[in-house]
**Q** 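The structure is given below, and queries will be raised subsequently.
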Amino acid sequence: MSVDLTAPGRHLAPDTRPGVLDQPLPVLADTRPEVRRQTSGFRATDVLSLGGALAAAVAVTTLLFTQVAPLSGRVGAVVTAYVLFLGLYALLVSCDESGPAVRDRLVSAVVHSTAFLLVAVLVLVVGYTTYRGAEALPHLNFFTDDLQDAGPLEPLTVGGALHGVVGTLQQIALALAVVIPLGVTCAVFLSEVPGRFARTVRTITEAMTALPSIVAGLFVYATVILYLGFDKSGFAASLALSVMMLPIVIRAGDVVLRLVPSNLREASLALGASQWRTVWHVILPTARSGLGTAIILGTARGIGETSPVLLTAGYTAAMNTNPFEGPQVSLPLLVFESVKSPQPASIARGFGTAVLLLALVLVLFVLARVIGGRGPGQPSARQRRRAVAASRRDAQRLDARTAPTPPES
Amino acid sequence: MTALLEDAPEARRDLSVRPAGADRAFTAVARGSGALVLLVMALVGLFLGFRASQALRDAGWGFLTTEEWNPEGGEFGIAAVLSGSVLIAVVGVVVAFPLALGTALYISEYAPRRLKPLLLSLVDVMAAVPSVVYGLWGLFLLQGQVAGFSRWLATWFGWFPPFGVQGVDPDDPLASITVYTSSIVIAGIVVGLMVTPIACSIMRQVFSQAPVGEREGALALGATRLGMIRSVVLPFGRGGMIGGMMLGLGRALGETIAVFLILSQVFDVKVRVLESGGSSVSSLIALRYGEATEFGTSALMAAGLALFLMTLVVNVIASSFTTRSRSGQGAEA
């Protein structure tokens, strides 16, 4: 703590020569009770200037838009209010702060508001979709029916999106049946069998993450459907999704596997384990949560993709439970096709389907968080409990072995 | 002891590893999966290149300069669609960069500690929201709000070429607002909001790696929080900032469904971004794949290949920025 020597009350000594004291300084501070210092960054003036600027900006904007100028529009009003707020806030802060502090406050306000804006956009996207979809969702037939009997003009009490749910689940399951084994094995290959070949594969995979999803769809459309002559089907869509998801999963898996501490790998090898046992018993369990997250996030991307499915799956209003034959619709494609119609009922169905899709993605996302919230090498609570129990058992065993022999003194 | 060492003949030890049994099988399986992935990826690339070359041989260099898209009539090129893709992506980056930078700075520097995990999850959720949902939102909600703002911009700043709009008298109060809907700007804003979380999470990661010692040094020298950010965090994270934004640019270039829903397709090279109409490579493919003949499909593949190459270049530049910067050195060990 600094002591302020120039404060009044310090120079009570009669000797006026500078720097000479003939008696000890009277200890004034001790007589007063110690006041707890305020260490938090907030002060009353901060809150006041913030609130004042906000109130003034809202007031001026209201005045401008309703009385003074011929302005209108919600977006315009918000932008005007925000600019006014920044100006007024700078003015208020500059009343009792210097230049750098004013700039600091101003940037802080801007940064806070951008973060707020981003969260607001997310809430708007999800909220608006739910709000528009709420028209279709209360009807139970929306979850149990397909659109076979429901044209765009039919009311919402007819038809549903069940065929889209079935299509999405089958297509993504088929895609995952390819992507999970191949992707994880390839990621293990990239990190465990290094060499020139692995470097080549890594470079090509990273390049392929740049492949636009519609081009992946176009590739499958041109090869499987036009060249090999198969019909548009759920299987073709799942192939397109696999081509799109494979590089994403491999790349994410590679990053996760490289985060496994190398001393674990070296310890395992030093204990005499073979490379295969090291991978199976040490590296994969250590990276399990991260690999799970990589796969689930890739799945969320795949489920939400419309463009490859648009080219390869075809569109049907009827339920098709066989992904290998005939067109099969998925949720994003159903949303896309529904909102292309100008009929309000069809648009409401599209929004309802979008809510289903969002819910599916969110469930996957929460699942990813529950499985893989931890970094590699950080055990889950259950693993930790099991390790503690095993350690306690060992301790008891050792105690039991040492107990019969009396300690020698 | 020493005698023993001296007596031993100096045989060179064999240090090479010969994997045996299960290990050999493991290596073979791993290599096989790598080869399979390489095969699939090479197949995609080669097939695209092969089919595209058929169309390219026919079109020649005119492919890069022709605006029209009429492969059956022999007149086709990517001048309009590629420039449209680039314009949409540029508008997207203009929207996304400040948003992503501000949010990343907020999460790493300003946010209360308890709020951080929640904000990180929200940003990740935003990245996982399907593009068709963003498209719906842009088409039904955002379009009406932005069109008025576009009119205001066009009225007051119309002298600046990108903000100009043709065929509208700015003094006519009854002029229809539809001139300002379905425009490149609206598609670009939606695409920008879609790529913001991607750029934001990379920037946030880099900012949070800025060395604590240097931060504390700056603060101890009396810097404000802004001063600390400007002198420590931003210089440290510059590579990550540029890299993350370029990765977002790569995603923005290839975005299909949101653009397809919002934009009304016109095959002209456009600079007037506020005006209705525009085009992009991916929405061209989505629009024309169904009616295309075999040659038409080849032409679409050529357009797709051009888009892929451009995205590839952007991604390579992005990763070189990320790894060459001070902050990226630990990431790619």
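Order of the sequence lines sets the chain letters (A, B, ...), proteins ahead of strands, with each chain counted from 1. Please read all numbers here as calculations on a predicted model, not as lab measurements.
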**Q** Could you walk me through whether Leu300(B) and Tyr221(A) satisfy the side-chain contact (heavy atoms from CB on, under 4.5 Å) test, starting with their C-alpha distance in whole Å, then the side-chain angles of each, then the deciding distance to 0.1 Å, before giving a yes or no?
**A** CA-CA 12 Å; Leu300(B) 286 179; Tyr221(A) 175 72; over 6 Å; no
**Q** What residue, out of Asn315(B), Leu136(B), Val123(B), has the most heavy-atom pairs lying under 4.5 Å from chain A?
**A** Leu136(B)
**Q** Is Asp23(B) reaching over with its side chain to a backbone N or O of Gln275(A), donor-acceptor style, under 3.5 angstrom?
**A**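 Yes, Asp23(B) side chain to Gln275(A) backbone: donor-acceptor pair under 3.5 Å.
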**Q** For the candidates Ser121(B), Ala127(B), Pro197(B), Cys200(B), which exhibits the highest count of non-hydrogen atom pairs separated by less than 4.5 Å from chain A?
**A** Ser121(B)
**Q** So Leu246(A) and Met41(B), side-chain contact (heavy atoms from CB on, under 4.5 Å) or not? Walk me through it.
**A** CA-CA 10 Å; Leu246(A) 200 53; Met41(B) 300 301 159; 4.1 Å; yes
**Q** Measure the spacing between OG1 of Thr209(A) and CG of Leu247(B) and express it to the nearest 0.5 Å.
**A** 7.5 Å
**Q** Heavy-atom distance under 4.5 Å to chain B: side chain of Ser108(A), backbone, both or neither?
**A**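 For Ser108(A), backbone and side chain are both near chain B.
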**Q** After noting the C-alpha distance and the side-chain angles of Val132(B) and Leu357(A), does the key distance pass the side-chain contact (heavy atoms from CB on, under 4.5 Å) rule?
**A** CA-CA 10 Å; Val132(B) 69; Leu357(A) 179 62; 3.9 Å; yes
**Q** Identify which part of Val111(A) has an atom lying under 4.5 Å from any heavy atom of chain B, answering side chain, backbone, both or neither.
**A** both
**Q** Among Ser282(B), Ala286(B), Ser33(B), which has the most heavy-atom pairs under 4.5 Å with chain A?
**A** Ser33(B)
**Q** For Arg202(A), which atoms come within 4.5 Å of any heavy atom of chain B: side chain, backbone, both, or neither?
**A** neither
**Q** Chain A heavy atoms under 4.5 Å from Leu105(B): which part of the residue, side chain, backbone, both or neither?
**A** both
**Q** Given heavy-atom pairs under 4.5 angstrom as the criterion, report whether the side chain, backbone, both or neither of Leu261(B) touches chain A.
**A**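 Just the side chain, heavy atoms under 4.5 Å.
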**Q** What's the separation between atom CG in Leu141(B) and atom OH in Tyr131(A), rounded to the nearest 0.5 Å?
**A**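 Between atom CG of Leu141(B) and atom OH of Tyr131(A) there are 10.5 Å.
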**Q** Measuring only between side-chain heavy atoms, which start at C-beta, is Val37(B) closer than 4.5 Å to Ile250(A)?
**A** yes
**Q** In terms of heavy-atom proximity below 4.5 Å to chain B, should Val201(A) be classed as side chain, backbone, both, or neither?
**A**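 Both the backbone and the side chain of Val201(A) come within 4.5 Å of chain B.
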**Q** What part of Leu106(A) is in contact with chain B, defined as an atom under 4.5 angstrom from a non-hydrogen atom: side chain, backbone, both or neither?
**A** neither
**Q** Under 4.5 Å from any heavy atom of chain B, what part of Thr129(A) do you find: side chain, backbone, both or neither?
**A**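 The answer is the side chain of Thr129(A).
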**Q** Would you compute the distance between atom OG1 of Thr256(B) and atom CD1 of Ile214(A) and round it to the nearest 0.5 angstrom?
**A**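 Atom-to-atom, Thr256(B):OG1 and Ile214(A):CD1 are 4.0 Å apart.
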**Q** With under 30° as parallel and over 60° as perpendicular, where do the rings of Trp276(A) and Phe26(B) fit, or are they tilted in between?
**A** tilted
**Q** Pick one of side chain, backbone, both or neither for Leu311(A), based on which atoms fall under 4.5 Å of a heavy atom in chain B.
**A**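 Both the backbone and the side chain of Leu311(A) come within 4.5 Å of chain B.
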**Q** Are the side chain of Tyr289(B) and the backbone of Leu310(A) linked by a donor-acceptor contact shorter than 3.5 Å?
**A** yes
**Q** I need the Tyr106(B) OH to His112(A) NE2 distance, nearest 0.5 Å.
**A** 4.5 Å
**Q** With a 4.5 angstrom heavy-atom cut-off, which part of Val188(A) approaches chain B: side chain, backbone, both or neither?
**A**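 Side chain only.
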**Q** What's the separation between atom CG in Leu48(B) and atom CG in Leu211(A), rounded to the nearest 0.5 Å?
**A** 7.0 Å
**Q** Check each atom of Ala25(B) against the heavy atoms of chain A and say whether the ones under 4.5 Å are side chain, backbone, both or neither.
**A** neither
**Q** What residue in Ala216(A), Gly304(A), Ala210(A) has the most heavy-atom pairs under 4.5 Å with chain B?
**A**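 Sorted descending by pairs with chain B, the first entry is Ala210(A).
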**Q** Tell me, out of Glu294(B), Arg51(B), Arg251(B), who's got the most heavy-atom pairs with chain A below 4.5 Å.
**A**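 Ranked by contacts with chain A, first place is Arg251(B).
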**Q** Do you know which two heavy atoms are closest between Trp137(B) and Val121(A), and how far apart they sit?
**A**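 Closest approach of Trp137(B) to Val121(A): CH2-CG1, 4.3 Å.
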**Q** Can you tell me which of Val335(A), Val126(A), Thr205(A) forms the most heavy-atom pairs within a distance under 4.5 Å of chain B?
**A** Val335(A)
**Q** If you tally heavy-atom pairs under 4.5 Å against chain B, which of Ile303(A), Val279(A), Leu362(A) wins?
**A**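 Looking at each of Ile303(A), Val279(A), Leu362(A) in turn, Val279(A) comes out on top.
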**Q** Which bit of Phe308(B) comes within less than 4.5 Å of chain A, counting heavy atoms only: side chain, backbone, both or neither?
**A** both
**Q** Less than 4.5 Å apart, side chain to side chain, heavy atoms only: is that true for Met208(A) and Val40(B)?
**A**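 They are not in contact (no side-chain heavy atoms under 4.5 Å apart), so the answer is no.
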**Q** For each of Val366(A), Leu226(A), Leu218(A), Leu358(A), tally heavy-atom pairs with chain B at distances under 4.5 Å, and name the one with the top tally.
**A**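 Winner by heavy-atom pair count: Leu218(A).
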**Q** Between Val281(B), Leu142(B), Thr311(B), Ile229(B), who has the most heavy-atom pairs with chain A when the cutoff is under 4.5 Å?
**A** Thr311(B)
**Q** Just checking Arg288(B): does its CZ atom have more than 12 heavy atoms from other residues, nucleotides or ligands closer to it than 6.0 angstrom?
**A** yes
**Q** Between Pro212(A) and Gly254(B), what is the shortest heavy-atom contact and its length?
**A**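 Nearest pair, atom of Pro212(A) first, then Gly254(B): CB-CA, 4.0 Å.
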**Q** Does any backbone or side-chain atom of Ile347(A) lie under 4.5 Å from a heavy atom of chain B? Answer side chain, backbone, both or neither.
**A**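 For Ile347(A), the side chain is the part near chain B, not the backbone.
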**Q** Heavy atoms only: give me the nearest Ala30(B)-Val193(A) pair and the separation to one decimal.
**A**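 Smallest heavy-atom distance, with atoms named: CB-CG2, 4.1 Å.
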**Q** By a 4.5 Å heavy-atom criterion (distance strictly below it), what part of Tyr128(A) contacts chain B: side chain, backbone, both, or neither?
**A**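 Contact with chain B is through the side chain of Tyr128(A) alone.
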**Q** Taking side chain as everything from C-beta outward and backbone as N, CA, C, O, which of these in Leu312(B) sits under 4.5 Å from a heavy atom of chain A? Side chain, backbone, both or neither.
**A** both
**Q** Working to the nearest 0.5 angstrom, can you tell me the gap between Leu182(A) CG and Leu36(B) CG?
**A** 5.0 Å
**Q** Measure Arg103(A) against the heavy atoms of chain B and call it side chain, backbone, both or neither at under 4.5 Å.
**A**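 Arg103(A) touches chain B through backbone and side-chain heavy atoms alike.
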**Q** What part of Pro247(A) is in contact with chain B, defined as an atom under 4.5 angstrom from a non-hydrogen atom: side chain, backbone, both or neither?
**A**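 Backbone plus side chain of Pro247(A), per the 4.5 Å heavy-atom cut-off to chain B.
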**Q** Less than 4.5 Å to any heavy atom of chain A: does that hold for the side chain of Arg31(B), its backbone, both, or neither?
**A**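 When you check distances to chain A, atoms from both the backbone and side chain of Arg31(B) fall under 4.5 Å.
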**Q** Considering only heavy atoms and a distance below 4.5 Å, find which of Leu38(B), Val44(B), Leu307(B), Val316(B) pairs most often with chain A.
**A** Val44(B)
**Q** Mind ranking Val79(A), Thr306(A), Val215(A) by heavy-atom pairs under 4.5 Å with chain B and telling me who comes out on top?
**A** Thr306(A)
**Q** Quick one: sort the Phe260(B) and Phe336(A) rings into parallel, tilted or perpendicular, breaks at 30° and 60°.
**A** tilted
**Q** Do Asp104(A) side-chain atoms and Leu226(B) backbone N/O form a donor-acceptor pair below 3.5 Å?
**A**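 Answer holds: yes.
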